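Worth saying up front: this structure is predicted, and the values here are computed from it rather than measured. Below, read A as the first sequence line, B as the second, and so on, with proteins coming before strands; counting in each chain starts at 1.
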Number of protein chains: 2
Amino acid sequence: MRPELSIEIIHKIRDKLKDFVNITPTVRWEHSGPKNLFPKGTEVFVKLELFQKTGSFKVRGAMNVIQSLDPAELSRGITAVSAGNHAIAAAYAASKKSTSALIFMPKTARKLRVERAINFGAQVILCDTQTEMFERAEEAKIQEGRIFVHPFEGPMTVQGTATAGLEFSEQVSDIDVMVLPIGGGGLCAGFSAAIRQIWPNVEIYGVEPEGANTMAISFKSGKTIVKEDVNTIADSLAPPKTEPYTFSVCKELVDDIVLVSDDALRDAMQILFYDLRLAVEPAAAATAAALCGPLQGRIAGKRVGIICCGTNISSEDFFKLSKLK
Amino acid sequence: MRPELSIEIIHKIRDKLKDFVNITPTVRWEHSGPKNLFPKGTEVFVKLELFQKTGSFKVRGAMNVIQSLDPAELSRGITAVSAGNHAIAAAYAASKKSTSALIFMPKTARKLRVERAINFGAQVILCDTQTEMFERAEEAKIQEGRIFVHPFEGPMTVQGTATAGLEFSEQVSDIDVMVLPIGGGGLCAGFSAAIRQIWPNVEIYGVEPEGANTMAISFKSGKTIVKEDVNTIADSLAPPKTEPYTFSVCKELVDDIVLVSDDALRDAMQILFYDLRLAVEPAAAATAAALCGPLQGRIAGKRVGIICCGTNISSEDFFKLSKLK
């Protein structure tokens with residue numbers, strides 16, 4: 001394992017984050033339908049990271065970055081780009097370190113997410129395009145000296161998400177298969193780094209939406225890519241590109257990537273509601289969709305871990321997204 | 001404390017139930033709205049009993065009763081009456097002891113609940129009236145020798161629910177105020193019995209729907225009552241009567257009972273969705289409704305515990321019930 005992601009370092013990062021981050025619960029998936037949902041003998045454990053502060057794992061990475069800033073950097077503030085969960089996490093983390101957050105979000109961002117970032121004290125500017133968001137954040141970096149807090153790239157972000165994996169390994173014993181969602185790959189990289197050191201033989205599968213399969217393409221081509229035309233209801237798993245650090249950690253640790261369709265995500269949202277009493281945004285249903293679909297064969301009879309990575313969605317949007325096909 | 005509810009006994013019951021009951025998580029209520037929801041300095045901890053097996057605390061009591069049956073009793077089976085959560089719990093508990101369950105439910109019971117009881121192997125008979133349900137269960141008791149598993153009355157049921165209180169006391173330290181929902185009072189009696197022994201000075205408040213205030217009436221009149229015209233959206237908190245054992249334990253341990261309206265329950269369902277990412281049936285929002293309403297003054301600056309007691313509801317019903325006023 002690369003030194004910055006050693007288990008000793010992950011323990012230290014967890015200790016550093018402990019006042020700002022929740023230990024999120026893990027529950028066993030109890031299926032209550034008439035037919036088996038998974039192959040016989042399969043046991044599934046779900047880390048409920050949606051009960052994390054700010055509603056998603058993103059706070060682990062953002063807090064680790066912002067906590068490392070020196071007083072001069074904190075006096076200049078941070079900037080970020082995000083469609084939602086990272087915006088809220090960065091706003092929260094900035095507020096905890098009493099620094100200012102200037103966040104660029106798409107004008108199509110869900111109202112509830114914009115509202116939550118603002119409630120944590122961020123200044124939010126809505127932009128027409130992804131390109132504009134990144135350009136304006138770059139401007140804020142150069143002109144105001146703000147620190148750019150990336151939604152998924154870089155060792156510090158990955159160290160933060162690794163604490164979720166460490167936590168999970170203390171909540172459940174002997175996992176054979178771990179299934180992790182991939183947007184930019186920040187969660188997958190960190191979580192995998194932790195559990196690979198604890199369970200060396202664990203099989204790790206990443207899950208991407210079919211319409212936002214940037215990491216799958218990168219895995220095949222062996223390099224980072226840009227894909228402008230991402231299109232999925234799992235908007236939290238749909239950055240338009242892969243980045244080198246996160247890609248290289250995922251490539252090293254993840255055994256395979258599987259894809260799930262929007263329809264499979266909708267079905268999984270309904271299944272999670274029925275079985276686990278969870279009403280989550282599409283991204284948080286990706287791992288469940290993979291279990292019910294492309295991974296059925298590979299989980300048979302095994303002890304399987306998944307994560308509900310987060311949710312920031314209105315009840316109206318939950319209802320609409322989980323129904324429409 | 002009466003001997004059958006001593007803390008030593010509760011420990012023993014927990015040990016006896018451990019293979020059939022989940023340890024449910026407790027999370028801190030993180031408010032993310034623009035204004036304070038609770039008075040300054042108030043901290044709220046929520047026991048997520050909706051992640052219990054069968055989706056509600058009911059399994060703790062039903063399992064304790066059914067586990068105590070001898071082989072002859074188990075060979076004759078159990079019977080129960082319930083609008084939902086107790087039916088599912090009794091069906092599950094019966095299946096775990098390989099005994100048969102004959103359950104009488106109202107024909108107005110939510111489809112999902114009937115389905116879940118059947119999925120656990122119960123025979124469900126839908127009845128026209130509450131009276132018919134009880135009469136037919138009585139018949140099954142006399143004619144088939146089935147054991148009647150009460151939804152809330154009796155020492156064994158209360159011992160079962162007490163394990164939730166014991167668990168909570170190990171998850172959170174130094175609670176000043178505990179708020180518990182009351183339908184028949186089974187959860188409230190048991191939970192209170194446990195925590196009163198651990199935190200002798202804890203203030204305990206019960207919450208009932210305005211339209212199903214049987215325990216509040218019993219508290220005032222000092223005796224059990226029957227009230228046929230219960231009417232609330234919190235159907236899981238609406239038995240038509242109080243019973244002597246549960247009433248007497250509640251009367252001894254609960255400091256006061258407050259009432260919440262159906263509108264307050266609907267608002268609380270929305271607040272729980274917004275802040276805690278929980279989509280629950282009305283009954284599970286009762287304690288939150290009390291915090292936001294009649295208990296505001298009494299929780300100020302304190303460490304407060306509440307319980308989301310369970311949920312078995314379709315996403316359609318969640319959406320409808322949390323909206324309509």
Nearest heavy atoms of A:L276 and B:F51, plus distance in Å: O-CE2, 3.1 Å
For chain B, which residues of residues 111-125 of chain A have heavy atoms nearer than 4.5 angstrom: A:L112, A:E115, A:R116, A:N119
Reported CZ-to-NZ distance for the pair A:R28 and B:K53, which is rounded to 0.5 angstrom: 5.5 Å
Nearest heavy atoms of B:F318 and A:S315, plus distance in Å: CE2-CB, 4.0 Å
Reported CZ-to-CG distance for the pair A:R277 and B:L278, which is rounded to 0.5 angstrom: 12.5 Å
Neighbour count >12 (heavy atoms, 6.0 Å) for atom NZ, B:K16: yes
Partners passing ring-ring contact (aromatic ring centres under 6.0 Å, His included) against B:F57 (at least two apart in sequence or in another chain): none
Interchain contact, A:T54 with chain B, by part (heavy-atom threshold 4.5 Å): backbone
More than 12 heavy atoms from other groups under 6.0 Å of CD1 on B:I23: no
Region of A:Y274 in contact with chain B, defined by heavy-atom distances below 4.5 Å: both
Inter-residue atom distance A:F273.CZ - B:S314.OG, 0.5 Å rounding: 7.0 Å
